Protein chains: 2
Amino acid sequence: MIRTMSRTPLHPTREQIELPMVLDCLSDPIRLAIVYQLAQQERVSSELCCGDFNGLAGKSNLAYHFAKLRECGLMLTRVAGTNRFMRLRREDMEARFPGLLDAVLSSAAKDADRLQLLSECEVVKAD
Amino acid sequence: MIRTMSRTPLHPTREQIELPMVLDCLSDPIRLAIVYQLAQQERVSSELCCGDFNGLAGKSNLAYHFAKLRECGLMLTRVAGTNRFMRLRREDMEARFPGLLDAVLSSAAKDADRLQLLSECEVVKAD
DNA sequence: TCGATAGTTCAATAAACATTGAACATAGGA
DNA sequence: TCCTATGTTCAATGTTTATTGAACTATCGA
C-alpha cells in the first residue's frame with residue numbers, strides 16, 4: 001500500500017488506542033506542548049495547522065512528533081489543500097481513558113512556565 | 001558522596017517531581033504493572049517488597065525500574081533489614097498532579113489483561 | 001506555467017533506554 | 001562464623017528515540 005503525501009494519514013481506531021503509547025507520547029515536552037496548545041485552541045476553533053507550532057521546534061522535527069501523536073491516537077490530522085489541520089481526539093480519549101487527558105492537561109497547566117508550554121511567538125502574542 | 005546499599009536511597013522532594021518524568025515512568029509496561037500492584041496493595045498493607053514483583057522481570061531489571069520509579073517521585077523505598085519495602089507517594093502525587101494517578105490507574109484497570117498487569121504468580125494466586 | 005508556501009520523507013547521528021548476567025553488599029539465621 | 005536470601009551495582013549489548021538538514025511532494029495563486 002502506497003502512502004503518498006496528499007492523502008489523510010492513517011489513524012488508529014478508538015479500540016486500538018493503547019495506554020502506554022499515549023503516556024509515552026505525553027511524556028515528551030514538545031509533544032506535551034503541542035497537545036496543550038491544541039487543548040487551549042479547543043475553546044476557539046478546535047483546529048490548528050502545523051505552522052502554528054513552528055515556535056516549538058524545526059519543521060521536520062515537528063512532523064516527527066505529529067506522526068507520533070497521530071499514531072498513538074491523541075490527535076487527528078485532516079488534509080486541506082497544502083495545510084494539515086489537527087485536533088485532539090477528545091471523545092475517543094475520554095471513552096478509552098476517562099479523565100486522563102484532563103488530568104494531564106491541568107497538571108501541565110500548573111507547571112506551564114516550568115514546562116515552557118507556549119512557543120515563543122505564542123508568548124510574544126500574549127503581550 | 002558515597003551511596004552504599006544499606007541506606008535509604010534518595011527521593012525527590014514533592015516540588016521536584018516533574019510531569020514528563022512521571023508520565024514517562026508510567027508509559028513502561030513493567031513499571032505500570034509495578035505501580036498498579038502497589039495501588040492494589042494499598043487497601044491491605046500499603047507496602048510491598050521487591051520480591052513481590054519477581055513475576056514481572058528479572059531481579060536486576062526490576063532494580064532498574066524501581067530506581068526510575070523512585071527518581072521520578074512515584075514511589076518511596078524504605079530499607080528494613082535485607083528487604084526494601086515500597087509504597088506509592090500518593091499524597092505527593094495528588095498534591096502535584098490532582099487526579100492524574102487515579103486516572104492512569106483506572107485506565108490501566110480497564111485494560112488489565114491487554115496490559116498483563118498481574119505477574120504470573122499473582123494470576124496463579126488469584127485462582 | 002512558474003514560483004512560493006506548507007509539510008513530509010529520508011538518511012545520518014548521537015543520546016537515552018531496557019535487558020542480561022556476573023559481581024557485590026548487607027542482614028539474618030543455623 | 002558461615003551460609004543463604006534479598007537486592008543493588010556494574011559493564012556490555014542491542015534497540016529505540018530525538019534531532020538535523022537536504023531532498024522531495026503537493027497545492028495555490030500570480
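By convention in this document, chain letters (A, B, ...) are assigned in the order of the sequence lines, proteins followed by strands, and residues within each chain are numbered from 1. Since we're looking at a predicted model, the values are computed, not measured.
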Checklist outcome for this item: From CG of B:Leu48 across to C1' of D:dG7 the rounded distance in Å is 15 Å
Next on the checklist: From CG of A:Leu69 over to P of C:dT8, roughly how many Å is that when rounded to an integer?
Outcome noted: 12 Å
Protein-nucleotides 5-7 of chain C N/O pairs closer than 3.5 Å?
unit_1 : atom_1 : unit_2  : atom_2 : d
C:dA6  : O4'    : A:Thr82 : OG1    : 2.7
C:dA6  : O3'    : A:Thr82 : O      : 3.4
C:dA6  : O3'    : A:Asn83 : OD1    : 3.1
C:dG7  : OP1    : A:Cys50 : N      : 3.4
C:dG7  : OP1    : A:Asn83 : OD1    : 3.2
C:dG7  : OP2    : A:Gly51 : N      : 3.0
C:dG7  : N7     : A:Lys59 : NZ     : 2.3

Checklist entry - Tell me, for nucleotides 13-20 of chain D in 5' to 3' order, what letter each nucleotide earns: B for a base near a protein heavy atom under 4.0 Å, S for only sugar-phosphate near one, - for neither? => result ----SBBB
Test item: [X] side-chain N/O and [Y] main-chain N/O as donor-acceptor pair under 3.5 Å:
X: A:Asp92; Y: A:Arg89; value: no
X: A:Gln16; Y: A:Thr13; value: yes
X: A:Gln37; Y: A:Phe53; value: no
X: A:Glu94; Y: A:Gly99; value: yes
X: B:Asp111; Y: B:Arg114; value: no

Checklist entry - Which residue, A:Val22, A:Leu100, A:Val104, forms the side-chain contact (heavy atoms from CB on, under 4.5 Å) with A:Met93? => result A:Val22
Item to check | Sequence-distant partners of A:Glu91, side-chain hydrogen bond (donor to acceptor under 3.5 Å, both in side chains), two or more places apart | outcome: none
Item to check | Comparing B:Ala67 and A:Ala80 on DNA chain D - which has the more 5′ nearest nucleotide | outcome: B:Ala67
Checklist entry - Is any side-chain N of the basic residue among A:Arg96 and A:Glu18 closer than 4.0 Å to the acidic one's carboxylate O? => result no
